[in-house]
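A short write-up of the structure that comes next.
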Amino acid sequence: MTSIDLLSVMANLVSDAVRGRLALWNREDLAGNIALERPSGKGHGDLSANIALIAAGAAGIPPRDAAALLVEDLRASEELMKLCNSVEIAGPGFINLFLSDGVLSDTASRALAEGTEFGAGVVDKQESILLEYVSANPTGPLHAGHARYAAFGDSLKRILVYAGHQVTTEFYINDYGTQMLNFGRSLAARYAQLCGHEVQFPEDGYQGEYTVHIARLIEQQIGDEMIGHVLPEPDAAAIDFFKQEGCRLVLQDIRAILGRFRVNFDNWFLESSLYGSGAVDEALETLEAAGEVETREGAKWLLTSRFGDDKDRVLIRSSGEPTYFTSDIAYHLQKLSRGFDRLINIWGADHHGYVPRMKAAFEALSHDPQRFEIIIGQLVNVIEMGERKQMSKRAGTMVTLQELLDSIGADAARFFLVERSNDSTLDLDLEKAKLQSEENPVYYVQYAHARICSILRRAAEEGLAAPADTTSVSGEPLAGQERELIMKLAEFPRVVRIAAETRGPQRITTYARELAAVFHVFYHNCPVIRAEPETTVFRLGLCRLTRNVIARSLDLVGVEAPQSM
RNA sequence: GCGCCCGUAGCUCAGCUGGAUAGAGCGUCGGCCUCCGGAGCCGAAGGCCACAGGUUCGAAUCCUGUCGGGCGCGCCA
């Protein structure tokens with residue numbers, strides 16, 4: 001069942017009414033594509049159509065003349081005119097619709113009847129999607145950069161699911177390769193230090209204080225049992241041991257902290273498992289069979305430049321070791337084999353140069369690169385003492401997700417991070433964030449929700465029941481603030497659809513703020529409990545509906561909707 | 001040098017599959033609690049939407065170029 005969507009209903013009626021005229025002008029194609037918008041200024045009605053402006057060229061007449069003809073068609077449509085008080089031409093040729101009170105209260109009534117599912121299932125075509133995000137080296141705690149992608153990815157998942165897609169989320173754990181060996185060496189060095197030995201710290205090692213903490217946990221388990229393997233230089237067994245233990249402890253921590261951030265993954269996928277299962281070798285064979293691999297200078301190259309990449313890329317080093325690229329191809333082949341319609345990856349901007357080669361690999365294997373979508377999230381910088389620093393685990397300069405949660409909490413952190421478009425870089429000053437958290441817009445929205453809950457509680461105490469599935473009409477004309485509120489509520493299905501289509505969770509936060517604002521205005525102008533009995537019932541219905549939509553909006557970005565605060 | 005992203009109010013940012021007078025929060029100034037939650041509401045000030053061309057009825061939005069900032073350009077991941 002699809003959700004009641006006033007904007008689509010009206011667009012369809014307009015479309016039917018003008019189709020014949022558009023056909024005369026040889027622009028029947030426009031009929032399927034009528035865009036009704038909320039006009040900006042006052043006095044322009046409730047909905048506005050720009051169809052005359054677009055079609056005027058084809059009609060060979062001035063836009064306002066085209067509008068006049070189209071308005072005749074609209075006025076001839078009984079079905080449409082039942083819902084409109086009037087249809088007018090304004091400005092350069094806009095056609096403005098003034099909706100009747102009846103269609104507005106009816107829309108509210110139907111939306112309310114849908115309960116908490118209003119706006120759900122709005123996509124045209126349902127897809128099964130694998131959404132991979134955060135995906136980090138398990139070499140340290142998650143920082144604010146990961147927090148951004150976590151908040152974005154989890155919100156996107158919620159939105160896509162609500163919009164009607166089937167979504168599986170996955171965290172890819174890069175537990176293989178040189179960075180992990182580096183991590184193992186760093187821990188071995190910390191361990192030796194904890195055991196009272198002076199050792200040289202690896203040159204590119206992980207400097208952060210957290211490595212001491214992890215080494216201490218390991219030391220508490222095993223005492224100085226490993227010290228023989230660590231001095232004077234850690235041997236292979238020691239590096240492997242510390243790598244494994246470190247990975248285990250870090251992942252434990254990552255899972256816990258993501259849980260606190262309300263981010264839960266369906267799957268955790270170990271890169272190392274691709275080696276164990278032979279998937280990496282298979283991927284290489286598949287690429288070779290496709291005839292896209294060449295051996296040069298002792299290494300095997302994938303000829304990605306044939307598919308738009310800047311240059312060819314190494315699959316197998318001259319040492320015989322596969323590169324990260326090869327295992328990543330294996331991973332994505334594995335994803336495809338699980339039968340998803342679409343793969344979506346969220347990557348940090350520092351990996352964007354990697355996009356063309358992965359797309360090229362898809363094409364080399366004759367897979368449609370359209371099915372493989374990569375969303376780039378711009379970076380997060382830490383501001384300390386007015387100085388910008390980049391998040392770096394190796395240098396140890398970072399604000400961790402844990403610090404973020406401890407200082408401002410999950411609600412403010414998620415709202416703060418998701419509000420910004422993923423295309424913009426984000427500066428994070430923790431001290432400022434603490435201050436800002438008190439004025440965080442999330443509270444503005446939550447406050448509206450709590451306020452409505454309070455009204456509904458009060459109404460119940462006074463024996464006034466909010467209607468559960470209908471909004472009865474008082475017979476009085478709707479107040480301006482009621483119309484504004486209903487129109488804003490009616491936008492919700494479209495907002496969900498656009499947020500899903502454009503992969504833009506910030507559409508939801510923006511909408512939630514707008515809705516809260518419209519509600520606050522309604523509240524200050526339209527008494528609910530102290531109104532005439534019939535009006536009270538109607539407004540209680542609007543309150544319930546608004547509460548449902550605010551709660552759902554907040555849920556779509558993983559923020560709680562408190563009953564009181 | 002080449003590629004990707006960004007440049008909108010004093011600050012932080014929405015809006016960018018083209019629409020009418022460009023929005024919000026914070027900050028500044030001035031109002032509103034005998035009345036359903038003042039974490040709220042109302043009002044004021046504040047903008048050549050980086051710049052220059054182009055596309056068209058119409059451009060913050062699309063195209064080209066310039067300037068400024070971020071990121072990337074490994075047989076690292």
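All chains are named by letter (A, B, ...) in the order of the sequence lines, taking the proteins before the strands, and each is independently numbered beginning at 1. No experiment lies behind these values; they were computed from the predicted model shown.
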Have a look at A/Arg507 and say if it touches a base, only the backbone sugar-phosphate, or nothing, with a 4.0 Å heavy-atom cut-off.
sugar-phosphate
So A/Glu297, base contact, sugar-phosphate only, or nothing? Heavy-atom distance under 4.0 Å.
base
Considering every strand and a 4.0 Å limit on heavy-atom distances, what is the contact class for A/Pro63: base, sugar-phosphate, or nothing?
nothing
Would you find a donor on one side and an acceptor on the other, under 3.5 Å apart, between the side chain of A/Asn182 and the backbone of A/Asp204?
yes
NA contact type, A/Val355, heavy-atom cut-off 4.0 Å: base, sugar-phosphate, or nothing?
nothing
Provide the distance between the two P atoms, one in B/C29 and one in B/G19, to the nearest whole Å.
37 Å
In whole Å, measure the gap between the P atoms of B/C42 and B/C6 for me.
33 Å
Classify the nucleic acid contact of A/Ala450 as base, sugar-phosphate or nothing, counting any heavy atom under 4.0 Å across all strands shown.
base
Any base atoms under 4.0 Å from A/Asp175, or only sugar-phosphate, or nothing? Heavy atoms, all strands.
nothing
So A/Met10 and A/Asp46, do their side chains get closer than 4.5 Å, heavy atoms only?
no
Contact class for A/Cys543 (heavy atom, under 4.0 Å): base, sugar-phosphate, or nothing?
nothing
Would you kindly give the CG-to-P distance between A/Leu53 and B/A59, to the nearest whole Å?
13 Å
What is the separation between atom CG on A/Asn440 and atom C1' on B/G27, rounded to the nearest whole Å?
16 Å
Could you tell me how far B/C13 sits from B/C49 if I compare only their C1' atoms? Round to whole Å.
13 Å
When all nucleic acid strands are considered with a 4.0 Å heavy-atom cut-off, which category describes A/Ser318: base, sugar-phosphate, or nothing?
base
Separation of the C1' atoms in B/A9 and B/G23, to the nearest angstrom:
10 Å
Check A/Lys335 with A/Glu170, please: is the shortest side-chain N to carboxylate O separation under 4.0 Å?
no
Distance alone, cut at 3.5 Å: any donor-acceptor contact between the side chains of A/Gln446 and A/Asp411?
yes
Can you check nucleotides 1-3 of chain B for protein contacts, nitrogen or oxygen pairs under 3.5 Å, and list what you find?
{"from": "B/G3", "atom 1": "N2", "to": "A/His352", "atom 2": "NE2", "distance (Å)": "2.3"}

Inspect the contact between A/Asp29 and A/Arg27 and indicate whether a charged nitrogen and a carboxylate oxygen are less than 4.0 angstrom apart.
yes
Could you summarise the pairing of RNA chain B as dot-bracket text, marking Watson-Crick and G-U pairs under 3.5 Å with ( ) or [ ] inside the strand and | across strands?
(((((((..((((.....[...)))).(((((.......))))).....(((((..]....))))))))))))....
Determine the contact category for A/Tyr176: base if any of its heavy atoms lies under 4.0 Å from a base atom, sugar-phosphate if only primed atoms, P, OP1 or OP2 are that close, otherwise nothing.
sugar-phosphate
For A/Ile498, which contact category applies under a 4.0 Å heavy-atom criterion: base, sugar-phosphate, or nothing?
base
Are the aromatic ring centres of A/Phe152 and A/Tyr149 under 6.0 angstrom apart?
no
A/Arg64 side-chain N/O to A/Ala52 backbone N/O, donor-acceptor pair under 3.5 Å
no
Quote, to the nearest angstrom, the P distance that separates B/U8 from B/A52.
16 Å
What heavy-atom pair brings A/Ala531 and A/Thr536 nearest, and what distance separates the two atoms?
O-OG1, 3.2 Å
Inter-nucleotide C1' distance (B/A22, B/G15), Å rounded:
8 Å
Any base atoms under 4.0 Å from A/Gln563, or only sugar-phosphate, or nothing? Heavy atoms, all strands.
base
Give a yes or no on whether the ring-centroid distance for A/Phe372 and A/His332 is below 6.0 angstrom.
yes
If you go through the side-chain atoms of A/Asp350, does one of them form a donor-acceptor pair with the base of B/G72 closer than 3.5 Å?
no
Verify the contact: side-chain N or O of A/Tyr444 to OP1 or OP2 of B/C26, cut-off strictly under 4.0 Å; return yes or no.
no
Answer yes or no for A/Arg420 and A/Phe416: cation-pi contact, defined as NZ/CZ to six-membered ring centre under 6.0 Å and angle to ring axis within 45°.
yes
A/Lys300 side chain vs A/Ile316 backbone, donor-acceptor pair below 3.5 Å
no
Regarding B/A24, can its base be found pairing with the side chain of A/Thr510 as donor and acceptor, where the two atoms are less than 3.5 Å apart?
no
Does A/Ser454 make a side-chain donor-acceptor contact with the base of B/G37, cut-off 3.5 Å?
yes
Judged by atom type as modelled, is there a donor-acceptor pair below 3.5 Å linking the side chain of A/Ser318 to the main-chain atoms of A/Gly298?
no
Tell me: OH of A/Tyr275 to P of B/A77, nearest whole Å?
8 Å
Roughly how many Å is it from NE2 in A/His520 to P in B/G25, rounded to a whole number?
11 Å
Ignoring backbone atoms, establish whether A/Thr139 has a side-chain N or O less than 4.0 Å from OP1 or OP2 of B/A77.
no
Syn-anti status, with the boundary at 90° from 0, for the nucleotide B/C42:
anti
Considering only the C1' atoms, how many Å lie between B/C32 and B/G10, rounded to the nearest integer?
27 Å
Return the value, rounded to whole Å, for the distance between atom CZ of A/Arg457 and atom P of B/G37.
9 Å
May I ask you to verify if any side-chain N or O of A/Gln506 is less than 4.0 angstrom from the OP1 or OP2 atom of B/G15?
yes
Using a heavy-atom cut-off of under 4.0 Å over every strand shown, decide if A/His44 touches base, sugar-phosphate, or nothing.
base
With heavy atoms under 4.0 Å as the rule, sort A/Ile54 into base, sugar-phosphate or nothing.
base
Heavy atoms under 4.0 Å, any strand shown: does A/Ser421 hit a base, just sugar-phosphate, or nothing?
sugar-phosphate
Can you check the A/Arg27 CZ to B/C57 P distance for me, whole Å?
12 Å
Interatomic distance at P, B/U12 relative to B/A59, whole Å:
29 Å
